[in-house]
Amino acid sequence: MSSHQIKKSGSTVADYFKFDINALEKQLEIKNEIYWQNAGEKKALVVFHQAAKRVPAYKDFLKKHQINPNKIITITDFKSVPTTDKKNYTSAYPLNLRSWDGKLSTNKITASSSGTSGNPNYWPRSGEQEYEAAVVHELLYKNFFNIAKKHSLIIIGFPMGVYVSGMATVLPSWMVAQKYNATILSVGNNKPEVLKAIKTLSNFYEQIIFIGHPFFIKDVLETGKSEHINWGKLNLKVMFCSEGFSEIWRERVLENAGIKNKIGSSLSTYGSSEMLLMAYETPISIVLKELAENNSEIRKKLFSREHSPSIFQYNPTSRYIEEIKKELIFTSQSGIPLIRFNMHDSGVVVSFSKAADTINKNSPTWKGKIKNWPIWQLPLVALWGRSDHTIIFYAANIYPEHIHAALHQKQFLNKLTGKFTMHKGLYKNFDESLKINIELRPKIRITGSLTKEIREIIFNKLKQINSEFADANSRFGKKTIPKIKLWTYQHPYYFKVGLKPKYIQKTNA
């Protein structure tokens with residue numbers, strides 16, 4: 001994890017079992033953020049120079065941009081290297097030419113993501129990437145879910161098959177389970193099977209760790225409660241991934257399941273198809289997120305935005321992250337090495353010292369909340385979501401995160417699943433319309449009053465947190481009021497069972 005070298009081959013499993021997790025934990029607790037940032041910069045330069053020599057596509061990319069790798073010596077030099085993205089790099093070069101040494105055979109597994117256009121993208125992964133993922137999962141399971149002391153059943157609720165998230169969680173979790181008293185159950189996003197497994201197996205374990213998309217986990221917990229599962233007695237832990245949510249949402253979901261303490265019982269992660277797990281919540285990031293959601297001055301000072309983001313910590317030695325114009329830029333050796341890669345995720349990097357100063361100033365007793373948990377002096381990343389996943393409506397960029405912020409109100413948590421889709425339409429006079437389809441929880445009826453209430457909340461929230469929308473509303477008035485349509489639970493038109501939520505519909509359906 002701390003090495004700056006890139007191995008061409010090796011036994012992933014053997015290397016992982018030799019790895020000393022205790023030594024890494026000690027480093028995380030005693031080394032300051034300057035140490036980690038410096039180490040990350042050195043690793044980024046190594047990855048750059050190795051890719052410039054061994055990756056045919058990147059070698060050509062640098063040549064086209066007239067970059068001489070031999071002149072890239074310092075991190076300042078590195079920041080002058082052009083960024084890559086899907087358009088100018090991953091879609092511009094064949095998969096094999098983007099691999100180490102131009103060979104797909106050097107990778108040990110390939111998974112797929114659906115891609116924003118609906119066409120699949122394939123992401124080969126090396127053995128070293130699986131090794132790294134195992135170390136990170138062990139770090140999280142051991143430090144925040146107490147896997148070293150409790151016999152654990154780890155239920156993975158991500159879709160399986162060719163898709164990234166399932167295999168990217170099963171493989172490292174299986175490797176971790178070899179070191180500890182833990183069992184892996186890969187169920188997929190199949191609610192009846194998850195509930196059946198819990199009813200059948202929970203008595204044999206001291207705790208359950210349930211991993212999946214937030215709204216799937218919420219659905220399972222609510223259905224389980226209606227089927228008389230006593231979550232509070234199962235010592236349940238949950239790990240979320242892929243979706244943002246508010247602290248009000250988290251607390252309500254956990255409270256509804258009888259989980260009293262969110263720190264030590266819940267954790268969210270930040271990952272991608274390209275680079276797998278990139279950052280993760282820690283107790284200090286959760287405390288900061290809670291403060292930011294309740295204090296607009298903190299949001300403005302740290303993030304220069306009104307809307308509160310998801311907040312994670314990350315290790316620069318595995319994912320070197322930069323910020324350019326409030327977009328996150330990543331460098332990672334990965335199976336397909338990516339150098340200064342822009343996924344068009346909207347976010348900012350926040351230093352640990354700045355985050356800690358903000359917390360100390362606004363919550364002097366915060367350490368009491370996390371006294372049983374380690375504090376790592378790693379930098380933080382704040383994430384709002386994909387900056388290119390928007391709908392432009394009357395020249396205003398409408399982000400899915402803004403709709404989430406409106407729907408995560410207390411009065412809606414027992415009525416809505418949290419899933420929605422939105423698209424632009426046209427009225428008969430060709431004026432634009434913003435159409436939002438929203439899924440109801442089971443047995444909740446579609447009523448005019450509920451539709452009206454949701455429309456008003458969304459409309460007011462957009463005016464509050466989206467200055468572009470507020471300006472459009474001041475000029476176009478009622479034309480900017482969104483059209484809301486409610487759908488029954490798991491309706492096959494927009495909310496078919498088993499599919500990951502797709503918030504943007506590019507064409508009318």
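Using bins of under 30°, 30° to 60° and over 60° for the plane-to-plane angle, the ring pair H408/F215 lands in the tilted bin.
In summary, the aromatic rings of Y89 and F341 are positioned with their centroids too far apart to meet the 6.0 Å limit. Proximity of the aromatic rings of H213 and F240 is defined here by a centroid distance below 6.0 angstrom, and this criterion is not met. Side-chain rings of W376 and Y314 stay apart, their centers remaining 6.0 Å or farther from each other. Ring centroid separation for the pair F495 and H491 does not come in under the 6.0 Å cut-off. Here F312 and Y270 bring their ring centres to under 6.0 angstrom of each other.
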- [ ] List the steps and the verdict of side chain to side chain donor-acceptor pair (under 3.5 Å) for T83 and N342.
- [x] CA-CA 7 Å; T83 59; N342 188 351; 5.3 Å; no
Open item on the list: Using side chain to side chain donor-acceptor pair (under 3.5 Å), reason through Q313 and S285 one step at a time and then give a plain yes or no.
Closed with: CA-CA 7 Å; Q313 285 190 282; S285 78; 5.7 Å; no
TODO: Check the pair E130, K108 against salt bridge (Lys or Arg N to Asp or Glu O under 4.0 Å), reporting the backbone distance first and the verdict last.
DONE: CA-CA 9 Å; E130 303 304 331; K108 303 306 177 185; over 6 Å; no
Open item on the list: Pair Q207, K237 - check side chain to side chain donor-acceptor pair (under 3.5 Å), show working.
Closed with: CA-CA 7 Å; Q207 70 173 1; K237 308 290 192 298; 3.1 Å; yes
Open item on the list: Before you tell me yes or no, could you show the steps for E322 and R340 under salt bridge (Lys or Arg N to Asp or Glu O under 4.0 Å), namely the whole-Å CA-CA distance, both residues' side-chain angles and the distance that decides it to 0.1 Å?
Closed with: CA-CA 8 Å; E322 304 170 71; R340 305 202 79 216; 2.8 Å; yes
Task: Check against ring pair (Phe, Tyr, Trp, His ring centres under 6.0 Å), Y320 and F330 - done: CA-CA 6 Å; Y320 182 70; F330 297 85; over 10 Å; no
Open item on the list: Please evaluate residues R299 and E293 with respect to the criterion salt bridge (Lys or Arg N to Asp or Glu O under 4.0 Å), reporting the C-alpha separation (whole Å), side-chain torsions for both, the decisive distance (0.1 Å), and the verdict.
Closed with: CA-CA 8 Å; R299 295 195 294 271; E293 288 186 4; over 6 Å; no
- [ ] Evaluate the side chain to side chain donor-acceptor pair (under 3.5 Å) criterion for residues T183 and Y205: first the C-alpha distance (whole Å), next the side-chain angles of each, then the deciding distance (0.1 Å), finally the verdict.
- [x] CA-CA 9 Å; T183 303; Y205 296 88; 3.0 Å; yes
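Salt bridge present: R319 and E132 bring a charged side-chain N and a carboxylate O closer than 4.0 Å. Residues E281 and K289 are not paired through a salt bridge, judged by the lack of any N-O separation under 4.0 Å between the basic side chain and the carboxylate. Classification of E222 and R441 as a salt-bridged pair holds, one side-chain N sitting under 4.0 Å from a carboxylate O. By the 4.0 Å N-to-carboxylate-O rule, E247 lies close enough to K262 to be salt-bridged with it.
Counting only distance, with no hydrogens or angles, the side chain of T480 and the backbone of G477 share a donor-acceptor pair below 3.5 Å. With E456 contributing its side chain and T451 its backbone, the two residues share no donor-acceptor pair below 3.5 Å. Between the side chain of R455 and the backbone N or O of I481 there is no donor-acceptor pair closer than 3.5 Å. Not one N or O on the side chain of E306 forms a donor-acceptor pair closer than 3.5 Å with the backbone of N466. Of the possible polar contacts, none joining the K225 side chain to the A257 backbone as a donor-acceptor pair under 3.5 Å is found. For the pair N473 (side chain) and F469 (backbone), a donor-acceptor distance under 3.5 Å is absent. Under a 3.5 Å cut-off, the side chain of N295 and the backbone N or O of E297 do form a donor-acceptor pair. Looking only at distances, no side-chain donor or acceptor of S173 sits under 3.5 Å from a matching main-chain atom of V170. Between the H402 side chain and the I398 main chain, no donor and acceptor come within less than 3.5 Å of each other. Under a 3.5 Å cut-off, the side chain of T84 and the backbone N or O of I339 do form a donor-acceptor pair.
Between the side chains of S126 and N107, no donor-acceptor pair is found at a separation under 3.5 Å. In this model, no donor atom of one side chain and acceptor atom of the other lie less than 3.5 Å apart for K424 and S433. Side-chain contact, S334 with R125: no donor N or O sits under 3.5 Å from an acceptor N or O.
No side-chain heavy atom of N190 sits less than 4.5 Å from a side-chain heavy atom of V194. No side-chain heavy atom of I444 sits under 4.5 Å from any side-chain heavy atom of T488. E274 places a side-chain heavy atom less than 4.5 Å from the side chain of L338. In this structure, F412 and I457 have side chains that are in contact, with non-hydrogen atoms separated by less than 4.5 Å.
The distance from atom NZ of K325 to atom OG of S346, rounded to the nearest 0.5 Å, is 14.0 Å. Rounding to the nearest 0.5 Å places CD of Q409 at 7.5 Å from OG of S246. Within the model, atoms NZ of K218 and OG1 of T223 stand 9.5 Å from one another, a figure rounded to the nearest 0.5 Å. L139 CG to T282 OG1: the interatomic distance, rounded to the nearest 0.5 Å, is 10.5 Å. From L378, atom CG reaches atom OH of Y280 across 5.5 Å, with rounding to the nearest 0.5 Å. I184 CD1 to I154 CD1: the interatomic distance, rounded to the nearest 0.5 Å, is 3.5 Å.
Results of the ring pair (Phe, Tyr, Trp, His ring centres under 6.0 Å) test with Y494 over W487, Y489, F420 single out W487 as the only residue that passes. Of the options H423, H404, K419, a side-chain hydrogen bond (donor to acceptor under 3.5 Å, both in side chains) to Y503 is made by H404 and by none of the others.
Nearest approach of A134 to V176, heavy atoms of both residues: O-CG2, 3.5 Å. Nearest approach of P400 to I504, heavy atoms of both residues: CG-CD1, 4.0 Å.
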